[in-house]
Every structure is written in structure tokens, then in C-alpha cells.
Amino acid sequence: MYDYEDEEDDLFGPPPQASKPIKQKGIDFKKELNEDQFRAVTAPDGPALVLAGAGSGKTRTLTYRVAYLLENGVPPESILLLTFTNKASKQMLERVEELTGIGSHRFLGGTFHHVGGQTLRLFGDLIGLPRSFTILDDGDSDSLLNEVIREIDPDFFKAKENPKAKPIKGLISFARNVGKDVEEVARARYPANRELITKIDQFLDGYTRTKLARGLTDYDDLLVFWLTLLEKHEEARQYFQNRFSHILVDEYQDVNSLQARIVDYVVSNHQIMAVGDDAQCIYTWRGADLDQILSFPDRHPGTKIFKIETNYRSSPEILQLANGILENRTSEKSFSKELKASKPHQDLPKVIPTLDGYQQADFVISKIEELYNSGAEYDQIAILYRAHYHAMELQVELSRRGLPFLITSGLRFFEQAHVKDLVAQLRFVANPKDNTAFLRFACLLPKVGEKTAIRLLKLANGLAKDTSISVCEALGNEKVLQKVPKDAKEDWESLCETLVEIHKVAGNSPPSVVVEEAIGGWYQLYLRATYENWPRREEDLESLVDFASKHETLAEMLSQLVLLSSESGDRVVKHGESCIRLSTIHQSKGLEYPHVFIIGLADGLFPNKRAIDGESDLEEERRLFYVASTRAERSLYLLYPTLANQKGTPVRLMQSRFIKELPDSKYEIHNAHSHRGFGRERSYGQSGWSRYGRGY
């Protein structure tokens, strides 16, 4: 379900009257805050933009701003706090209550969607929405769109090149949040799919009408309809413009154009304080609009800009490197900022080139062992990466050595659904008696459940025995095809062709070639039709080619996967156990750790190839590097492999341009080959891998 609370907030109450200053705990703002924070907290009336650098006390500034407003006679009911998670809002208001003694229930704070939902309860009838409307969760909205598409075009999903309802809904959602025409977004995402492009407007229109007719909304409607009310209905607009005197918006760098337009309407003739950091805008791929924070002073004449630059997290040496990253930004697309240190000096950040992903993993683990032996706890250590598949080798090694780790950005690499789906096909080709593997991928087809799949496999086994052909070939036999559900026939034929090709290749080719064949077959079409983020999932699968190249046979590779899955699965993390943290950089935002490793810092990995080729924003990749670096408190290690396998071919990698841009004085080079753990044989028992033998 969505992070939305259906509560009767004081949003429905009458506009509060200005009051005398509320008696609260005595607060010495000058003493409690640094100079930058104090200037922002005590900002005079008028629009204000607070640029809060990483680790500078952004939440503290917002909390004390609310306390300052209360001390100056602003009723708590007149303050609206907009955040991106209910958790953030709750924590902030609890801190306000602790600070001032005024109950948090007297404020209205929450996510944009939460407040939007309350607005529709009050004014939804103006747009034909009953106040008792129901909010669809993600799965229910997918099902409804699926129903609508089938009514408009019963044959649409029968064409294997057409995406399923979920990625279509993601496309529609993105278009609505960024204010683009849905056909334009469809053309960008599926340029070759004329059928989808020509029908997407019909799908959106039918989906919208059906929701309204049934008294339903999805997550995006809470914002879209809120904006519609503000734009087209004076009653709703006047209510908001009279109801709140002070608006505070957190994480303003992450707002999309839809949210920014709502804020601009709500704060007309009001006091607004937007708090954010343009250098930490890393979500444009899901709709965040950097231009909104950059153009804030233009849209709100008289804006006063406050910069909070004292960092309470990182060492001076880490901040020097972080400031160096910011210095290389495109100036016209950023505000100037320089983080200032408050922590004691530590060692310079270290840049470590390694031979490949396995040596990178070995260095990281050896260094972690050093830190642990020196008194560091595992949960004080984080390993960050640009994409999930960059950490595959690391997860392999951590599992093999039995070190406790948690992945804060999702499942372990080999536990991901798309990886298990592909591996299941390889398992079945290697062993046609592996019914579990067969059910894993066969049941992905429409109208094919376990009973149907087992019946089809049993029929194929009989044909294979009677005609001396392989089970993979028998699955595509006409007698089997006749028993396949009508909706699955086209997919079934494509799947069987892929299994036959994998079987042929597996007989005389190395495992990397076998994996490539599997990736390029039926499952590629399934992946692209099913998942909105299919490019990332394809990258994960392609990284399996490199993993496969470390083995001589398919059977050996599959055995290794079983061992790894077993080792990671049996290693249950106990409650309260200290664990090494693995995370994508996106998921690490807002967190901090004494010791941080950033891996995969090579051109093509970080920044990624799409950014280098101009298909995505290179500046956002640089901001990601800044965010990652500023998670570190005491020590920072920047690693990159110099060799990688791309679809089975060795490729030389170059150091990330983001490191090359930095002056040598901001870091020191560390030689991985001279580090303990290198230059000697390292055995891994059952796996049969050794440091410089097979497997590396």
C-alpha cells in the first residue's frame, strides 16, 4: 500500500487567527544554532530558499524554524510542512514537540500525496469525485489498467512486442508527474512500437474515466486532481491561500514539475521556505526537476537565499574532495557552495585501481578485515555502487567468506527475480528432470499455472522418450503445442525455440556463450514487456556473462550458483547483529557511515555509458558521486577495475572522469597489489576457485 494516511487532519478546520506568542520552552536560538543556521531560522518575512549542504543540519534548521515561527505568534495550525515521506514528517514534528512542548497533532505535516488526499476529501466533488473515494494500491491500479486496455483492444496483449499493463502505467505516471504528453513519453520509451504510441491516449482516457466512474483514484491522482482544483476552482484555491500563512517544503531539489506547480499556487501571497540542495538532486530519472530549485528565485521575486555550509559529518579531507567534485559542475546549472569542516583531520581519501571486479572485491574485504581488527564494527562500514550488478563479485566473496552483510537497496544479486528466472532456464537445459526450474519460467506465461506446466512437461517427456529427441525439442512439438493455453501459444513457441538454442550451444560452447544465448532469447522479450526498469535488469543479466566466463562448464557454473545461494541463504542475520551495509548510492542518500567504499568508479560504469553517450545527464552522475562521497565520516576508498568482460569479451576500463577531474592533492593512490591478501594463493574450499587459478 502507499505511504498515505487517511486522517481527519486540521486541514478541515477554520483558518486560525493570529495569536500572541505561544508560551513554550525557552530557546536560545543564537546559542543552539551556528551562524548559517541562525540566519535561515530567523529569516524575515518573504520567500526563502535554504541551500543546505550535505551533513549541515538541514532537519535541525527546519525544526528550529517552526519553533521560531511559534515564538513570533504564528499559530501551529497555520503552518504546513510538506515532505517526501510520512516518516520524515513525523520525525520532524516529534522533534518540534520535544523542542517546544507544543503537541505535534496541532501542525499539518506530511507528504504531498497525504495532503493531496485530504484536499480531495474536502473538494473532490467539484471534479466529480465522491468524498468516499478509494485509493488504489499499486497492484490494484495495474489490474484496473489491464482491464481497461483489454476492453479497448482485446488483442493488444497478444502481440509479444507490446508491454504489459505495469510498464504502461509507469509510463503514464511519469508523463503526468513531469507534465508531458503521454504520447511523447511513449514515443521516447518505445520508439518502434507504433501500436502503443497511437493507442496510449485512448488507454489513459479510458483509465481516467473508469476510475472516476467507480469512485477510485490512484497515487498520482492525489496530486493531479489537487492541482486541477487549485487551477480551476476558486473555492479550493482561496481555501489554501487563506488557510496557511507559512509553508515549509523539505528536500525541494526532489520536487517534480507537478509538485512545484502545486506549491506555487498554495503559497501565493504566503511565506514559503524551501529547503534543499541542488548538488543532491539525483532522482531526475523518476521525475525530479532540477530546474524547479534553480528557478525558485525567479518564480518567487524577492527570494532570500541562505546557504548552510558547515558540515558536521565528514573529515576535512573528505570535504576537500567533495568540494572538488562540485567545482567541476556546470556553473549555469548550479548554486555555488563550499562545505566547511567541523570534524578533526583524518587520512586523505584513497583511490585504488584493481585488475578486475574480483580483485576489487578482495581488496575491499581485506580492508574491512583490517578495520574490524582495529576496532570498527561491521555496521560502521558501507559499500556503495552505481548499479546493483556492480556488486555481484563482492556479494560472491562476502557470501563465500561468511561475512555478515545486508543489502539496503534490495535483494542479494542471485536472489533477484530476473536473475533466478534466467538461471532456471539454464538449470532446466542442463537437467531436464529439474521440475522446479521448469515451473519457475513456464509459469511466467499467461494462463499457465503449475498444474498446466506439469501436464505439458509430462507430455513432452513421453514424446522425448518415444522419439529419441531432447525434452527441449519435445516441448515445441505440435502435440504439446495443442495443449498450451491459447493466450500462451506465441510465448510458448518463442520459449521452446530459446531452450532448443541454449541446448545446442551448451553442447560445445563455454558457459559465457550459453548465458548470452539465454539472455538474447525469449526472456529478453518477456523482460521488456513486463518491467518498466528492464534496461537495469538486462545489465544485471549481462553481468552473468562475466561470471560464467570464470567457469569451464555450465554444470560447474550452476553448481557454484547453488553453493553461493546456499551459503547466503543459510547465513541468517540475527536481530541486532552488526552487518556490513551494501547499497546503491540512490538508497544511501541521507545516511552516513564512518568508513565508506565506493566501487566501480570507471568510465562506462560510473558515470554510466548512457551518460557518456549523451543519452542521460552526465551532471546527475557527478551529483551521485558527490552524494556517495559525503556519506563518509572518517575514511573513504574509491575503487575501480581496469578490466571487465562485456558479453564475454575482455574490455579495458579507464578511471572515472570524475576522479581525473580532481587535483592529485585531494586523494592518494593506493596499490591494490601491495595490499595484504594479494600476491598469494587464496583457496575457497568446495568452490575450486583460487586467487590466480580458475575462477579469476
Side-chain angles (χ1 to χ4, degrees), residues 146 149-150 153-168 190 192-196 417-418 420-507 509 513-531 534 537-538 541 554:
N146 183 76
I149 292 173
R150 289 184 185 279
D153 183 356
D155 296 325
F156 182 80
F157 290 123
K158 293 180 181 178
K160 60 185 179 182
E161 65 271 12
N162 286 336
K164 292 181 171 63
K166 188 173 184 67
I168 293 177
Y190 300 94
N193 194 322
R194 295 297 305 165
E195 185 177 12
L196 175 63
H418 52 291
K420 293 178 77 171
D421 289 345
L422 190 85
V423 170
Q425 296 168 60
L426 301 175
R427 283 171 49 194
F428 179 73
V429 168
N431 177 16
K433 294 181 180 180
D434 189 343
N435 288 11
T436 303
F438 179 77
L439 290 174
R440 169 94 202 178
F441 59 81
C443 291
L444 296 175
L445 276 59
K447 307 292 185 183
V448 177
E450 287 193 12
K451 289 182 180 179
T452 300
I454 289 295
R455 188 169 63 250
L456 294 171
L457 180 58
K458 187 176 180 180
L459 179 57
N461 280 326
L463 285 169
K465 185 177 180 180
D466 294 341
T467 58
S468 299
I469 61 174
S470 70
V471 175
C472 294
E473 291 174 300
L475 285 167
N477 186 280
E478 185 62 32
K479 290 182 180 179
V480 176
L481 193 59
Q482 288 174 1
K483 303 295 183 181
V484 174
K486 183 180 177 182
D487 290 348
K489 271 188 166 56
E490 189 174 4
D491 270 329
W492 186 271
E493 290 178 323
S494 178
L495 169 60
C496 292
E497 289 174 8
T498 298
L499 293 175
V500 169
E501 289 304 313
I502 296 173
H503 185 264
K504 288 179 181 176
V505 172
S509 300
V513 176
V514 180
V515 173
E516 273 194 84
E517 188 67 44
I519 293 171
W522 160 80
Y523 193 69
Q524 184 179 67
L525 296 173
Y526 172 83
L527 203 66
R528 295 184 177 189
T530 306
Y531 297 107
W534 61 262
R537 293 176 186 261
E538 279 195 357
L541 297 181
L554 181 61

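With contacts defined as side-chain heavy-atom distances shorter than 4.5 Å, the pair L459/R455 does not qualify. No side-chain heavy atom of K164 sits less than 4.5 Å from a side-chain heavy atom of N146. Inter-residue side-chain proximity for W492 and V480 is flagged as met; some heavy-atom pair is nearer than 4.5 Å. For the pair R440 and D421, the minimum side-chain heavy-atom distance is below 4.5 Å. Proximity of L481 to N477: side-chain heavy atoms (C-beta onward) are nowhere separated by under 4.5 Å. The side-chain heavy atoms of P167 and Y531, taken from C-beta on, include no pair separated by under 4.5 Å. Between F438 and I454, every side-chain heavy-atom pair lies at or beyond the 4.5 Å cut-off. Taking 4.5 Å as the limit, some side-chain heavy atom of I168 sits within range of a side-chain heavy atom of L196.
Side chain of S509 to main chain of V514: no donor-acceptor pair is present (N/O by atom type, distance under 3.5 Å, no hydrogens or angles). Under the 3.5 Å distance criterion, the side-chain polar atoms of N162 are matched with a main-chain donor or acceptor of F156. Not one N or O on the side chain of K483 forms a donor-acceptor pair closer than 3.5 Å with the backbone of L456. A donor-acceptor pair under 3.5 Å is absent between the side-chain atoms of E501 and the main chain of T498, judged by distance alone. A donor-acceptor pair is defined here as one N or O able to donate and one able to accept, closer than 3.5 Å; such a pair exists between the side chain of N461 and the backbone of L457.
If you check the side chains of E161 and N193, you find no donor sitting under 3.5 Å from an acceptor. Counting only N and O atoms by type, the side chains of D491 and Y526 include no donor and acceptor under 3.5 Å apart. For the 3.5 Å distance criterion, the side chains of E497 and S494 fail to qualify, holding no donor opposite an acceptor.
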From CA spacing to verdict: side-chain contact (heavy atoms from CB on, under 4.5 Å), F428, T436: CA-CA 9 Å; F428 179 73; T436 303; over 6 Å; no
Derivation and outcome, side-chain contact (heavy atoms from CB on, under 4.5 Å), residues L541 and V515: CA-CA 9 Å; L541 297 181; V515 173; over 6 Å; no
Chi angles and distances behind the side-chain contact (heavy atoms from CB on, under 4.5 Å) call for Y523, L444: CA-CA 10 Å; Y523 193 69; L444 296 175; 4.0 Å; yes
side-chain contact (heavy atoms from CB on, under 4.5 Å) between Q524 and W534, worked out: CA-CA 9 Å; Q524 184 179 67; W534 61 262; over 6 Å; no
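Considering CH2 of W522 and CG of L499, their distance stands at 8.5 Å, rounded to 0.5 Å. The distance from atom CD of E490 to atom CD of E493, rounded to the nearest 0.5 Å, is 7.5 Å. To the nearest 0.5 Å, atom CZ of residue R427 and atom CG of residue L422 are 12.0 Å apart. Remark: K458 NZ to L463 CG distance equals 13.0 Å, nearest 0.5 Å. Remark: I502 CD1 to C472 SG distance equals 8.0 Å, nearest 0.5 Å. T452 contributes atom OG1, which lies 11.0 Å from atom NZ of K447 (distance to the nearest 0.5 angstrom).
Of all heavy-atom pairs between A453 and C443, the closest is CB-SG, 4.2 Å.
Remark: H418 NE2 is packed, more than 12 non-hydrogen atoms of other residues, nucleotides or ligands lying under 6.0 Å away.
The pair E517-K504 does not meet the salt-bridge criterion, since no charged nitrogen lies less than 4.0 angstrom from a carboxylate oxygen.
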